[in-house]
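Lettering of chains follows the sequences in order, A, B, ..., and the numbering in each one begins at 1. Model, not experiment: these values are computed from the prediction.
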Number of protein chains: 2
Amino acid sequence: MPDDDGGAPERRSPRKRADARRNEETLLRAAAAAFVASGVDAPVRDIAAKAGVGVGTIYRHFPTRADLVVAVYRHQVEACVEAGPALLAGNDSPHAALVQWVDHFVDFLVTKHGLAEALRSDDATFQSLHTYFLDRLVPVCADLLDAASAAGEVRSDVEALELMHAVGNLCIGSGRDSRYDARRVVALLLRGLRAGREAA
Amino acid sequence: MPDDDGGAPERRSPRKRADARRNEETLLRAAAAAFVASGVDAPVRDIAAKAGVGVGTIYRHFPTRADLVVAVYRHQVEACVEAGPALLAGNDSPHAALVQWVDHFVDFLVTKHGLAEALRSDDATFQSLHTYFLDRLVPVCADLLDAASAAGEVRSDVEALELMHAVGNLCIGSGRDSRYDARRVVALLLRGLRAGREAA
DNA sequence: TTGATAAGCGGAACAAAGTTCCGTATCGTC
DNA sequence: GACGATACGGAACTTTGTTCCGCTTATCAA
């Protein structure tokens, strides 16, 4: 997780060289652009070329592709994390808060070409991406789910992890086929989550 | 779609050479084994080696990976196609038939390492795999869905194509993480499909 | 049985992408 | 300005997919 510059210069002198910090910035911008243009699988060479650096420089700053992807999307993921408690506080119904939060997450995912796919890939390259998303988002989702469950609004036999996986999966391929809309099927899933007396 | 041998020798003589038919058989077996061992992404070289043929022979018989995958799983997909009408006939409730049919499909998908992923991949290599599955299964699903809808058992605003996409997506990653069970979330989705007077 | 010929085969060769490594250039400091 | 540490660039190597063509072999007619 690259992070070290700007702010208060820490004791000792582990501060990165100026050119390194500059390159990291440049790379982040180039990667973001490449991700929009070609998805999160954009070839390393392309990103390097766009940033005007050698491929070695990418690997030095972001050892795995997941590191780069996380760095690019960190802000938005964190925004999602913060949205959870806010929605819970701003809604009378925890279920409504959950629905809105999930919508927010889906909006984020479907607009990031290839990200949902990467999240579910079993490629080792993306393992830590997967881990990061789950580490940050599952606890938030669990809070929402617990609240809704406590209010008797949703079934209590579904775990946050499972729900997040399901929602992430449903986002795959959204945008490639206009007849498939992730938002619609996610809504269906959440509807199935509603507490119901009716058996299976 | 390789298919031409055995049975009645057709007029003219477009019958394949014996060694070619033999190789096709061998390849199919080798591929099936490789798919089980390493998923449907098993390297072409590995499959060729396992079958004791050159890579050229694979490409001659199965020009794209999708052709090979379809050939390996055709029987099971067709079984799924035939199960549709049978279930509809054998159940009083079309909704129950739909649920059983989807379960059947999910069982098939989750036991084929990497197949669900391949189905959703936007890789051009798998385009025709995607097409084959949809061509065969969507009509069956549509019949079940229509019947259930006509019986007032499910919402009428969901298309078969969308449902199949969703179910396929939900199968991704099942088996990699014991905390995620495709069957469970698919059941949730189908529950959300139930006709309901409750809004939202 | 034996050629002739078309069908089929093998695998070298090429291409695309990821990843590593090290000689060289640059930064920051004394 | 010199020097050590840091960072850079990109050639080289790896893996996997894909193509191509000279060689082999099955088939068939004579």
Qualifying side-chain hydrogen bond (donor to acceptor under 3.5 Å, both in side chains) pairs with a residue from residues 137-153 of chain A, counting only residues at least two apart or across chains: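 The answer is A:Ser93-A:Glu153.
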For B:Asp135, enumerate each residue passing the side chain to side chain donor-acceptor pair (under 3.5 Å) test, keeping only those at least two apart in sequence or located in another chain.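 Not a single residue meets the side chain to side chain donor-acceptor pair (under 3.5 Å) criterion with B:Asp135.
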Atom pairs and distances, side-chain donor-acceptor, residues 35-53 of chain B, under 3.5 Å, sequence neighbours left out:
none

Mind listing the side-chain donor-acceptor pairs of residues 75-85 of chain A below 3.5 Å, one per line with the distance, residues two or more places apart or on another chain?
{"residue": "A:Gln76", "atom": "OE1", "partner": "A:Lys112", "partner atom": "NZ", "Å": "3.4"}
{"residue": "A:Glu78", "atom": "OE1", "partner": "A:Arg136", "partner atom": "NE", "Å": "3.3"}
{"residue": "A:Glu78", "atom": "OE1", "partner": "A:Arg136", "partner atom": "NH2", "Å": "2.6"}
{"residue": "A:Glu78", "atom": "OE2", "partner": "A:Tyr132", "partner atom": "OH", "Å": "2.9"}
{"residue": "A:Glu78", "atom": "OE2", "partner": "A:Arg136", "partner atom": "NE", "Å": "2.9"}

Take a 6.0 Å sphere around CG of B:Asp157 and say whether it holds more than 12 heavy atoms from other residues, nucleotides or ligands.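 More than 12 heavy atoms, drawn from other residues, nucleotides or ligands, come within 6.0 Å of this atom.
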Over how many whole Å does the gap from [X] atom [atom1] to [N] atom [atom2] extend?
{"X": "A:Tyr59", "N": "D:dC13", "atom1": "OH", "atom2": "C1'", "value": "13 Å"}
{"X": "B:Arg65", "N": "D:dT16", "atom1": "CZ", "atom2": "C1'", "value": "9 Å"}
{"X": "B:Ile58", "N": "D:dG17", "atom1": "CD1", "atom2": "P", "value": "10 Å"}

Mapping B:Asp41 and B:Ala18 onto DNA chain D by nearest heavy atom, which one lands closer to the 5' end?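 Closest to the 5' end, via its nearest nucleotide, is B:Asp41.
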Between B:Thr125 and B:Arg22, which residue's closest nucleotide on DNA chain D lies nearer the 5′ terminus?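 Upstream on the strand: B:Thr125.
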Heavy atoms under 4.0 Å is the rule here; annotate nucleotides 5-13 of chain C 5' to 3' with B where the base is hit, S where only the sugar-phosphate is, and - elsewhere. -BBSBBBBB
Applying side chain to side chain contact (heavy atoms under 4.5 Å, CB included), name anything that partners A:Val99, two or more places apart in sequence or on another chain.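 Partners of A:Val99 by the side chain to side chain contact (heavy atoms under 4.5 Å, CB included) criterion, ordered by chain and then number, come out as A:His95, A:Asp103, A:Leu190.
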